[in-house]
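Below: the structure, in structure tokens.
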Amino acid sequence: MKVVEVLHMNGGNGDISYAKNSLVQQKVILMTKPITEQAITDLYCSLFPQNLCIADLGCSSGANTFIVVSELVKIVEKERKKHGFQSPEFHFNFNDLPGNDFNTIFQSLDIFQQDLRKQIGEEFGPCFFSGVPGSFYTRLFPSNSLHFVHSSYSLMWLSQVPDAVENNKGNIYMASTSPPSVIKAYYKQYEKDFSNFLKYRSEELVKGGKMVLTFLGRESEDPTSKECCYIWELLAMALNELVVEGLIEEEKVDSFNIPQYTPSPADVKYIVEKEGSFTINQLEATRIHWNACNENYKNGGYDVSRCMRAVAEPLLVSQFGEELMDLVFHKYEEIISDCMSKEQTEFINVTVSLTKRN
């Protein structure tokens with residue numbers, strides 16, 4: 001499986017699209033707003049750029065992409081008015097892998113800009129928008145061209161499935177039953193990828209440029225903790241049920257592994273300090289219920305399985321084919337519902353604010 005070719009959220013605006021099933025991701029962006037606000041305020045008040053170049057990495061598609069843009073414009077406008085300056089020109093770069101539904105983003109731009117003018121008036125500077133397809137584990141932008149980088153719920157995705165995880169039988173991710181060699185391989189891939197990410201962004205950001213990055217992560221130092229692995233273990237259960245029923249070959253499940261690593265704050269801190277291009281301003285972990293709509297909603301399993309389908313379906317289709325997806329996610333919904341009725345289920349978010357060293 002070539003991750004660059006198959007990793008993307010479900011496009012469009014249909015019932016199983018990411019645009020319609022990404023409320024958790026939206027709430028996480030809003031939860032981390034104070035950190036983003038502090039970073040962009042500090043950036044603007046230290047540089048006062050006339051042209052502000054911003055990149056949203058792993059932007060996907062739908063309303064969440066524009067929440068980030070509108071918040072950043074509002075923060076800068078508030079600060080520049082305080083200082084009596086003219087509004088800068090804004091250049092927003094939307095980045096994701098080539099399979100991303102960029103069309104939905106650009107088809108929504110006119111409406112978004114009209115809404116933004118209604119909210120903050122006509123006085124803010126012109127906004128320019130670009131799509132930048134490609135992996136953020138490579139160089140994406142010219143040297144010293146960016147002021148601010150934002151990424152939310154994207155950097156836990158790896159550039160590839162780690163090497164040497166063939167013996168992770170019965171699992172599709174790190175699990176308590178995974179051999180130690182599998183856990184080590186996942187961490188090794190994450191360390192390589194995140195180090196490359198930091199290196200390339202340090203080349204693209206101006207001196208004093210900033211980043212706010214939010215990962216799906218964990219608080220525990222155990223990489224197989226239920227905090228981060230449980231949601232995938234339940235999907236593995238659904239797939240293994242279909243193996244028992246003879247609908248999926250066991251070898252297909254055994255050879256399928258999710259290209260993701262959910263780091264702890266300590267993981268993030270260690271790699272940032274080891275790579276050396278950035279200083280850490282803030283680093284925190286927060287929690288959000290699996291069912292961001294309503295923790296007490298009786299059919300929460302339906303919402304959570306839809307959210308996960310919007311995220312994971314393209315990966316699953318590449319391994320198991322399209323015809324079984326309705327059945328896989330129906331089973332997944334039942335398993336999630338049962339789990340949510342018995343225990344507290346939460347995602348852990350790890351957010352870090354960084355400044356490029358001089």
Exercise for the section: Just jot down the salt bridge (charged side-chain N to carboxylate O under 4.0 Å, His left out) partners of K192, sequence neighbours excluded, or say none. Expected result: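 If we apply the salt bridge (charged side-chain N to carboxylate O under 4.0 Å, His left out) test to K192, skipping adjacent residues, there are no hits.
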Would you give the length of the straight line joining atom [atom1] of [X] to atom [atom2] of [Y], rounded to the nearest 0.5 angstrom?
X    : Y    : atom1 : atom2 : result
K82  : T41  : NZ    : OG1   : 7.0 Å
E233 : N240 : CD    : CG    : 11.5 Å
D101 : Q107 : CG    : CD    : 7.5 Å
L205 : Y200 : CG    : OH    : 15.0 Å

Would you say the side-chain atoms of [X] and [Y] include a donor-acceptor pair closer than 3.5 Å?
X    : Y    : value
S202 : E275 : no
D193 : Q189 : yes
S130 : H91  : yes
E284 : T351 : no

Side-chain donor or acceptor of [X] paired with backbone N/O of [Y] under 3.5 Å:
X    : Y    : value
E204 : F141 : yes
S154 : S151 : no
S195 : E191 : yes
D56  : V149 : no
K210 : F148 : no
N349 : L216 : no

Handout entry: is_close_aromatic(F128, F90), centroid dist under 6.0 Å
Key =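 No - the distance between ring centres of F128 and F90 does not fall below the 6.0 Å cut-off.
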Problem - Pair F112 + F66: ring centers closer than 6.0 Å - result: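 Centroid separation for F112 and F66: below 6.0 Å.
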Practice task
Find out if a path of hydrophobic residues (ILVMFWY) with successive side-chain heavy-atom gaps under 4.5 Å connects V73 to L47.
Solution key: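 Linked within one cluster.
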Practice task
State yes or no: do I105 and F129 share one hydrophobic cluster built from I, L, V, M, F, W and Y residues joined by side-chain heavy-atom distances below 4.5 Å, directly or via other members?
Solution key: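 Yes, it is one cluster - the side chains of I105 and F129 are joined through contacts under 4.5 Å.
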Problem - Partner of E77 under side-chain hydrogen bond (donor to acceptor under 3.5 Å, both in side chains), chosen from R80, K81, K74 - result: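 Only match with E77 under side-chain hydrogen bond (donor to acceptor under 3.5 Å, both in side chains): R80.
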Practice task
Apply salt bridge (Lys or Arg N to Asp or Glu O under 4.0 Å) to the pair D267 and R218, showing each step before the final yes or no.
Solution key: CA-CA 10 Å; D267 286 336; R218 56 186 155 85; 2.7 Å; yes
Exercise for the section: State, with a plain yes or no, whether a side-chain heavy atom of W157 is found less than 4.5 Å away from one of F215. Expected result: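 They are not in side-chain contact.
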Exercise for the section: Please say whether the positively charged group of R201, taken as NZ for Lys or CZ for Arg, lies over the ring of F197, i.e. under 6.0 angstrom from the six-membered ring centre and within 45 degrees of the axis. Expected result: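 Satisfied, under 6.0 Å and within 45°.
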Practice task
Count the heavy atoms belonging to other residues, nucleotides or ligands that lie under 6.0 Å from CD of Q86, then report whether that count exceeds 12.
Solution key: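 Atom CD in Q86 is not packed in, count stays at 12 or less.
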Handout entry: Residues that K207 engages under side-chain hydrogen bond (donor to acceptor under 3.5 Å, both in side chains), provided they are two or more places apart
Key =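 None.
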Practice task
Please report the closest heavy-atom contact between Y186 and I258, naming both atoms and the distance.
Solution key: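 Where Y186 meets I258 most closely, the heavy atoms are OH-O, 2.8 Å.
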